[in-house]
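Here's the structure we're looking at; comments come further down.
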Amino acid sequence: MVTGPLVVSPGTKTTTRRQRRPGGRGWWAAAGIVLLPVLIPPISLVWQVVTRGTGTPVPLDRLWELFVATVALTVAVTITALSLGTATAWLTSRTDVPGRRVWMILAALPLVMPSYVAALTIIGATGPTGLISNWLGFDIPTPYGFVGAWLALSVFLAPMAHLIVTPGLRLIDPATEDAATGLGASQRRVFFTVTLPQLRPALVSAGLMVGLYTISDFGAVSLLRYDTFTRAIFTLYEGQIDRQPAAALSLILMVLALGILLVERRTRSRASYHTSRVRRIRKMLSLKKAGRIGALAFLGTLTTLSIVIPVSVLIFWLARGLGAGQELGTVWEETIRSVGVSIGAATLAAFAAFPIAMITTRRKGKMSDAADTAVWATYALPHITVGVAVVGFALAWARPLYQGLGLLLVTYVVMFLAQTMSSTQDSLRRASPDLEDASRGLGRGPLTTLRRVTIPLATPGLLAGAALVFLSVMKELPATLLLRPNGFETLAIRIWSTTGEGFYTRASVASLALLAVSIVPLLALMFRDLRD
Amino acid sequence: MTSATDQLAIRARDLSKSYDEDIALDHFNLDVWEGGLLTLLGPSGCGKTTALRIIAGFEGAEGTVDIRGRRVLGNGTFVPPERRKVGMVFQDYALFPHMTVRANVAYGVSRGKGSRRIDAVLELVGLQGLDDRMPNELSGGEQQRVALARALAPKPEVILLDEPFSNLDAVLRDRVRRELRVILTEARITAVFVTHDQEEALATSDIVAVMKDGRVLQADTPAELYSNPANPWIAEFLGDADVIPATAHRGYADTPLGRFKTDLKGPVLVVIRPENVQISLGEASNAVVANVEFFGHDQLVTLAVGGGTRVRSRIGPRPAYTPGQKCRARAIDARVYPRGT
């Protein structure tokens, strides 16, 4: 696996082990029940468009415009975030840059920052009343449009690349690099000809996750007024009684996302990388003075952009609002709601992931591979399309569920199930099925074996996965906008609506609350990983 | 059932199993007598581990398995592993990583009669004082003994050991092997080993069952098996042997190393073990020394005996031979097999 613990991406396939003893129908039944809602979003969307048509069609030149804008942003952000993330991962895990471990954590930390908060802080830092404009004494124009969206998403998705590339670097056998050095290659040549090619699986994985996230992003592009598919879908959805054009656009976007997933899977299945099991001591590259200064300047600038400025801006707005005697508005209720649905979804996701992880690791076959792919495919869907699909499904088939809390929770679980599934699969793969056989051989039945062996061994994965789902649900915006019960304000919704109306002080209170809550599980996950 | 089969700890009949296209077991038959130590010996991929797993109940198969006269597999019966009273020691030990040594050993013992039995087993395998260690804090040899203690603790009727020494280094392996033999004898328990190491099998077992391609070819005591292998493949698999093609007529097969009695007629294969080839100097020579490997306690001399045939001789360290030397070679014992296709 080349995935980091904080970011999940479809892992490499493991070979089928032995065929198992008869039985196990219970797991299949449970997995089937979980898979039904997982399949609802894509099926519902196709069904809506096929049976009801596209409504007032979106003009073709507009479609082309959206397509170009979306693809351009995705390509630009993927390249930038991948370069930044690879650089931070390499510097913090391969060199003796001062404060290595602190930088390693700082580089990952912005992961808790939702893209719309990133956008909010860019808006808050620039323009006539912006923080940086104030500092510098002259007006920096707010980078609305492509530049702003590109900057916001690149800086805040680099941590994702960092977290996937770091373990990828760990998997490379140091002997291959030593061998190249021994053959007289320079450090630079070693990096580009030996390290980087071996990093390919991790880079492909990271590229997939960053790319999917970018085409799915709604918050940043909306607040920074850059027209992509997601923004257009929301505008169509909000502005019109006829929801068919929104569904049609969602279908196009869904196909685009699944296309990226497919390309990634193709690339991966051809590549085969061998990692040595021998544990060798890795020597850290010792930086010369110029290199050290350069590295520190790079890490410092990135941290300033991704942490210092955003947090300063939020505090600045808060202080300014307080000073001006503005109505702050408390966010207690919103915080409790956000934490509540996040915990609820995380718990449900852990329960839902377990049977699927069991069939995909313990009873592998074509059927369980298909289940695995279905979960990843739904994870790859842009959230706004999931929202549109689920609304359509509820209105047509499950009216009483529409705008209900239950439907919102199930939608969260479906969207983020891949996170708990893959971390649980990791834990289960690490625990040999022989352990379960050993328990049975010692006279314990299947239920006792499950309780005393399988579940305890899967628990780290279940908890890590639940923490990831918690973080994702805290940040989730577009599906929440479409599916929330009337008057159900979460922190994300509060930030969205107050920013839209220009109440930056209120937005900053909610943003700070969101960051404060999210940082707890993130730090827990990161320290767990550092201990390993 | 007859009284003879009542004394069988394990009786497997016609076990067949395949994965997709691969045949793992092909009409596998095995009898394991009560109280003995039997080794399933075969090259990797011959199905020996599959056979163990089917006996333990971790996998189903066609055919039947009886444990102490009780049907556990076949004719619509499938007794789940937890009710077979079979202990298993896994190749990678499969110790529960989240439990202490003591908790691992106690896992299969019902709570009531717990701690004295556990103390006894830990003492038997010599692990007193390590109760509170976690498996990852133990050496390979210690882990192996925990796995053995854990399997013995619930007093199983038979114990199965899958390549129990393969994860140990060579020096440790010999010691652990002897210790294990003593422990199993003390526990008076029927044991089935699986290994691909023929020396290990010959040195440890009461009975060795040689497997190839999913079936048992021959099962016998180590000495009998070594000196009377059922075919040339088994002879070569169990130790050094040279196979010389020859033709038999009138009750004899003639080779450059002598003539051997046989009931066969026509083309045959004569199998000669190096320790049965004697060399002498001075007489009418029939061989030339081609190569000498000196081991200290003995030496292995490769001889060219005409017609391009090479035969090895294992003899004492003296006298010293040198390549090119002419000598007389004679085989004092050999087995003759029909030569098929």
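Convention: sequence-line order gives letters A, B, ...; per-chain numbering from 1. Heavy-atom basis, side chains included; hydrogens, waters and symmetry copies ignored.
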Q. Using non-hydrogen atoms only, which part of B:Leu95 is less than 4.5 Å away from chain A: side chain, backbone, both, or neither?
A. backbone
Q: Let me know which of A:Thr360, A:Thr420, A:Thr361 forms a side-chain hydrogen bond (donor to acceptor under 3.5 Å, both in side chains) with A:Gln425.
A: A:Thr360
Q.
Please classify the contact between B:Ala24 and chain A as side chain, backbone, both or neither, with a heavy-atom cut-off of under 4.5 Å.
A. neither
Q) Checking heavy atoms, do the side chain of A:Leu457, its backbone, both or neither come under 4.5 Å from chain B? A) side chain
Q. Heavy-atom distance under 4.5 Å to chain A: side chain of B:Phe90, backbone, both or neither?
A. side chain
Q) Quick one: do B:Asp119 and B:Arg102 make a salt bridge, cutoff under 4.0 Å? A) yes
**Q.** Atom pair CG/OG1 of A:Asp426 and A:Thr424 - distance to nearest 0.5 Å
**A.** 9.0 Å
Q) Are B:Glu200 and B:Thr195 linked by a side-chain donor-acceptor pair shorter than 3.5 Å? A) yes
